[in-house]
Amino acid sequence: MADSQIMALRTIRTEKKQASDTLYHTIREGIAIGLLPMGTRLREEELAEVFDVSRTPVREAMKKLEIERLVESNSASGSIVRQLTVDECLDTLEVLELLRSAACNMLMGRIPRALLMVLEQNTRKGDSITESSQQYENNAEFHELLVKATGNSVLIKLSEQLALTERIINNTVLPVDYSANYADRHRTLVKAIVGNDKETVQQELDHSRQKAEEYMRRIVEAFLDIGGPQFPNQI
């Protein structure tokens with residue numbers, strides 16, 4: 001095979017991969033922010049037309065989303081954004097809270113100085129925002145920074161997976177309510193971790209757990225009120 005043919009084949013494969021990755025990340029983000037809520041039907045031909053690609057990268061993107069259990073696909077109905085159950089919501093939030101608490105305990109007395117500056121930027125931003133979705137993203141970023149600072153690859157991977165589901169819950173099931181001083185509590189937690197103040201860290205973690213349990217109770221009530229989130233849609 002001539003070099004020019006090899007390069008042409010490489011270009012085709014690269015373009016297909018890029019198209020598939022673009023579709024995957026776009027649809028994944030659409031699901032996470034609630035633009036494509038649970039129950040949304042993802043029609044292959046329409047996606048191909050919207051993104052101006054063939055059906056092959058669409059199918060590849062759907063396979064990746066299936067692996068992450070974000071969509072369900074079958075030969076009869078095609079692909080649908082998967083519906084979360086109340087148990088999945090509660091289990092996700094419970095384990096994510098445990099992982100974030102573990103990260104705080106692992107960092108006792110050893111948060112890098114560079115990270116302290118980033119965390120302070122995060123909390124300053126949290127001081128000034130009042131819109132709930134922005135507060136959610138700010139809070140999620142705060143905990144993501146702490147988790148990554150542990151350097152524990154398993155903890156980081158698990159947290160990333162669960163944090164995606166948490167975003168879906170917040171944006172399509174029930175938004176989190178934040179107190180006016182939530183950023184101050186973040187600042188107090190960081191200060192206590194740096195000072196190896198185990199008592200204050202535990203107090204802040206207990207408060208966080210109580211807020212998580214309250215949120216979980218509200219989710220159960222939401223499912224009981226409407227029989228689970230129902231957002232039929234299609235693209």
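Since this is a predicted model, take the numbers as computed values, not measurements.
Considering only heavy atoms from C-beta on, Val53 stays 4.5 Å or farther from Thr22 through its side chain. A heavy-atom distance below 4.5 Å is not found between the side chains of Phe51 and Pro57. At least one side-chain heavy atom of Glu97 sits under 4.5 Å from a side-chain heavy atom of Ser101. Using a 4.5 Å heavy-atom threshold, the side chains of Val190 and Phe142 count as touching. A heavy-atom distance below 4.5 Å is found between the side chains of Ile193 and Leu189. With a 4.5 Å cut-off on side-chain heavy atoms, Lys64 and Asp21 count as touching. Under the 4.5 Å side-chain criterion, counting only non-hydrogen atoms from C-beta, Lys157 is in contact with Gln161. You'll find the side chain of Ile27 stays beyond 4.5 Å of the side chain of Val81, heavy atoms only.
Note on Val176: it clusters hydrophobically with Ile129, by side-chain heavy-atom contacts below 4.5 Å among ILVMFWY residues.
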* To do: Run the numbers on Leu42 and Ile80 for side chain to side chain contact (heavy atoms under 4.5 Å, CB included), then give the verdict.
  => CA-CA 6 Å; Leu42 303 171; Ile80 298 175; over 6 Å; no
* To do: Using the side chain to side chain contact (heavy atoms under 4.5 Å, CB included) rule, take Leu107 and Thr150 through it: C-alpha gap first, then chi angles, then the decisive distance, then the call.
  => CA-CA 6 Å; Leu107 289 171; Thr150 67; 4.0 Å; yes
* To do: Given side chain to side chain contact (heavy atoms under 4.5 Å, CB included), test Thr172 with Leu84 step by step and report yes or no.
  => CA-CA 10 Å; Thr172 64; Leu84 291 174; 5.6 Å; no
* To do: Output, in order, the C-alpha distance, side-chain angles, deciding distance and verdict of salt bridge (Lys or Arg N to Asp or Glu O under 4.0 Å) for Glu213 and Arg209.
  => CA-CA 6 Å; Glu213 290 173 350; Arg209 188 186 69 253; 3.7 Å; yes
* To do: Would you check, one step at a time, whether the test side chain to side chain contact (heavy atoms under 4.5 Å, CB included) holds for Glu214 with Gln210?
  => CA-CA 6 Å; Glu214 178 186 325; Gln210 291 169 5; over 6 Å; no
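A distance of 6.5 Å separates CG of Leu146 from CG of Leu115, quoted to the nearest 0.5 Å. Taken to the nearest 0.5 Å, the CG atom of Asn170 stands 5.0 Å off from the OH atom of Tyr215. To the nearest 0.5 Å, the span separating OG1 on Thr165 from CD on Glu88 amounts to 8.0 Å. One finds the CD atom of Glu160 at 10.0 Å from the CG atom of Leu155 (value rounded to the nearest 0.5 Å).
The shortest heavy-atom contact between Val71 and Met62 is CG2-O, 3.8 Å. Taking each heavy atom of Ala140 and Arg100 in turn, the nearest pair found is CA-NH2, 4.5 Å. Gly39 approaches Gln83 most closely through the heavy-atom pair N-OE1, 4.0 Å. For Cys104 against Leu205, the heavy-atom pair with the smallest separation is SG-CD2, 4.0 Å. Here the shortest heavy-atom pairing between Ser159 and Leu96 reads O-CD1, 4.0 Å. Of all heavy-atom pairs spanning Asn171 and Ala32, the tightest one is ND2-O, 2.8 Å.
Each of Glu68, Glu60, Glu29 was checked for a side-chain hydrogen bond (donor to acceptor under 3.5 Å, both in side chains) with Tyr24, and the lone residue meeting it is Glu68. Under the side-chain hydrogen bond (donor to acceptor under 3.5 Å, both in side chains) rule, Tyr136 has a single partner from Arg167, Glu166, Glu131, which is Glu166.
Within the structure, the salt bridge (Lys or Arg N to Asp or Glu O under 4.0 Å) test picks out the following pairs touching residues 170-182 (sequence neighbours left out): Asp177-Arg218.
Taking 4.0 Å as the cut-off between side-chain N and carboxylate O, Glu120 and Arg124 count as a salt-bridged pair.
With sequence neighbours left out, Tyr182 forms a ring-ring contact (aromatic ring centres under 6.0 Å, His included) with Tyr178, His186.
Inspection of the Asn138 and Gln134 side chains reveals no N or O donor paired with an N or O acceptor under 3.5 Å.
Environment of NZ in Lys211: crowded, with over 12 heavy atoms of neighbouring residues, nucleotides or ligands closer than 6.0 Å.
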